[in-house]
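Structure first, commentary second.
To find a chain, count down the sequence lines: A is the first, B the second, and so on, and within it residues start at 1. These figures come from a predicted structure and were not determined experimentally.
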Protein chains: 2
Amino acid sequence: MNEQNLDLVFGALSDATRRGMLAQLSQGEANITALAAPYDMSQPAISKHLRVLERAGLIERIKRGREHYIKANAGPAEQAGGWITYYAQFWRQQFDAVEAYLQEHAEKKTPEGKV
Amino acid sequence: MNEQNLDLVFGALSDATRRGMLAQLSQGEANITALAAPYDMSQPAISKHLRVLERAGLIERIKRGREHYIKANAGPAEQAGGWITYYAQFWRQQFDAVEAYLQEHAEKKTPEGKV
DNA sequence: TTCATTCATAACCAAATGGTTATATATTTA
DNA sequence: TAAATATATAACCATTTGGTTATGAATGAA
């Protein structure tokens, strides 16, 4: 997964409506009408959100007659999650190291360990 | 972490420059000049990117004299990563279930298991 | 065949985003 | 004190984003 794909995936995840759709898809595939139901939004708006998710590779479309079924694709999300997990490890490590240092040098905000 | 915070975190992560800064911060805190160095971009543009990261809670600012040191904050990233991990589990599960079903019913693209 | 349903596309709009240049502020150095 | 450095802010601009209404195309049902 290159940088531009990460842009698309994180960008797609940065909207509550789209995350809601993905959450709904965790229950299994759904057609577009069903996906749209929870939102007070025009049908073309829904269509646009789905296109964003599709461009990011987070969903796939399967046409069955006049209905389009949507299913979520784990791969790109896992990649994006991997990016976070990898770096968060280092950030967490540094934070904990500073905490430990402060602990050792008793530079606590509540001295003597009392409240 | 509420929906709006997730918007901010994923939105902040959806730009390669900002991800690059966070990657750099995995090596430890840095001042803004150092963070800006790899990018062919004006100083105010860098300043804006940092503000986006800050609003998302992904970084913190520590002023030491005229220099502002930046350090990454693991918490919000971990939360966002948790969102992905949680749902990706279901999406992956469904995908694998379909794969297994197709396997069992021998509806493979390469019949008889041969190429 | 005709009507209803499902979905996509075009055209438009306001607001947000990501960049710029110019300028200001605070701090350090000479 | 004067100059240099580090950073922020204001004002501006083009593009993208997230919504709308209007319309069209494909499919299914009556």
Side-chain angles (χ1 to χ4, degrees), chain A residues 3-25 28-72 80, chain B residues 2-25 28-72 76 80:
Chain A
E3 288 298 317
Q4 198 186 318
N5 288 143
L6 279 178
D7 282 7
L8 292 175
V9 173
F10 283 126
L13 293 177
S14 75
D15 180 280
T17 300
R18 289 191 292 263
R19 284 196 307 277
M21 290 171 160
L22 291 173
Q24 191 174 339
L25 290 168
E29 64 179 39
N31 70 9
I32 295 184
T33 302
L35 277 175
Y39 306 101
D40 182 21
M41 199 178 290
S42 69
Q43 177 256 321
I46 298 290
S47 199
K48 279 193 184 185
H49 280 304
L50 290 172
R51 199 166 52 190
V52 172
L53 289 168
E54 195 174 21
R55 277 196 66 206
L58 289 167
I59 62 168
E60 270 174 33
R61 228 174 266 259
I62 307 120
K63 299 189 190 179
R64 287 196 206 115
R66 68 180 163 187
E67 295 176 68
H68 296 199
Y69 281 81
I70 306 287
K71 73 178 184 63
Chain B
N2 59 31
E3 289 297 318
Q4 196 186 320
N5 287 144
L6 279 178
D7 283 7
L8 291 176
V9 173
F10 283 126
L13 293 177
S14 74
D15 180 280
T17 300
R18 289 192 291 263
R19 285 196 306 278
M21 289 172 160
L22 290 173
Q24 191 174 340
L25 289 169
E29 63 178 39
N31 70 10
I32 296 185
T33 302
L35 276 174
Y39 307 101
D40 183 20
M41 197 178 291
S42 70
Q43 176 255 321
I46 298 289
S47 199
K48 279 193 183 184
H49 281 303
L50 290 172
R51 200 167 49 189
V52 171
L53 290 168
E54 196 174 20
R55 277 197 65 206
L58 289 166
I59 62 168
E60 270 175 32
R61 229 173 265 260
I62 307 121
K63 298 190 191 179
R64 287 199 205 111
R66 68 180 163 189
E67 295 175 69
H68 296 198
Y69 280 81
I70 306 287
K71 73 179 184 62

Problem set entry | Main-chain N/O of A/A36 paired with A/Q43 side-chain donor or acceptor, under 3.5 Å | no
Any side-chain to backbone donor/acceptor pair from A/E67 onto A/T33? Under 3.5 Å, distance only.
no
[X] has an atom [atom1]; how far is it from atom [atom2] of [N], in whole Å?
X	N	atom1	atom2	value
B/M41	C/dT17	CE	P	16 Å
B/D7	D/dG18	CG	C1'	12 Å
A/D40	D/dG18	CG	P	17 Å
A/L35	C/dA8	CG	P	11 Å
B/F10	C/dA16	CZ	P	21 Å
A/D15	C/dA16	CG	C1'	13 Å
A/I32	D/dT27	CD1	P	14 Å
B/L50	D/dT7	CG	P	10 Å

By nearest-heavy-atom nucleotide on DNA chain C, the more 5' of B/H49 and A/S47 is A/S47
Are there any protein N/O atoms within less than 3.5 Å of an N/O atom in nucleotides 26-30 of chain C, and if so, which ones and at what distance?
from: C/dT27; atom 1: O3'; to: B/R66; atom 2: N; distance (Å): 3.4
from: C/dT27; atom 1: O2; to: B/R66; atom 2: NH1; distance (Å): 3.4

Any side-chain N or O of A/S42 under 4.0 Å from OP1/OP2 of D/dT20? yes
* Are OP1 or OP2 of C/dA8 and a side-chain N or O of A/H68 less than 4.0 angstrom apart? -> yes
Closest heavy-atom contact between [X] and [Y]?
X	Y	value
B/Q24	B/A34	NE2-O, 3.1 Å
B/P76	B/L58	CB-CD2, 4.2 Å
B/L6	B/A80	CD2-CA, 3.9 Å
B/R61	B/I70	CG-CD1, 3.7 Å

Hey, can you pull the donor-acceptor pairs under 3.5 Å for the side chains in residues 15-23 of chain B, sequence neighbours left out?
from: B/D15; atom 1: OD1; to: B/T17; atom 2: N; distance (Å): 2.8
from: B/D15; atom 1: OD1; to: B/R18; atom 2: N; distance (Å): 3.2
from: B/R18; atom 1: NE; to: B/A12; atom 2: O; distance (Å): 2.8
from: B/R18; atom 1: NH1; to: B/H49; atom 2: ND1; distance (Å): 3.1
from: B/R18; atom 1: NH2; to: B/G11; atom 2: O; distance (Å): 3.2
from: B/R19; atom 1: NE; to: A/E3; atom 2: OE1; distance (Å): 3.3
from: B/R19; atom 1: NH1; to: A/D7; atom 2: OD1; distance (Å): 2.9
from: B/R19; atom 1: NH1; to: B/L13; atom 2: O; distance (Å): 2.7
from: B/R19; atom 1: NH2; to: A/E3; atom 2: O; distance (Å): 2.9
from: B/R19; atom 1: NH2; to: A/E3; atom 2: OE1; distance (Å): 2.7
from: B/R19; atom 1: NH2; to: A/D7; atom 2: OD1; distance (Å): 2.8

Winner on side-chain proximity to A/P44, out of D/dA22, D/dT7, D/dG18, is D/dA22
Taken to the nearest 0.5 Å, the spacing of B/I59 CD1 from B/L35 CG works out to 8.0 Å
If you go through the side-chain atoms of B/Q43, does one of them form a donor-acceptor pair with the base of D/dA8 closer than 3.5 Å?
yes
When the rotation axes relating C1' atoms of four end pairs to the next four are compared across the helix from C/dT1-D/dA30 to C/dA30-D/dT1, five pairs an end, they differ to 10° by 20°
From the list A/E60, A/E29, A/E54, salt bridge (charged side-chain N to carboxylate O under 4.0 Å, His left out) partner of A/K71 resolves to A/E60
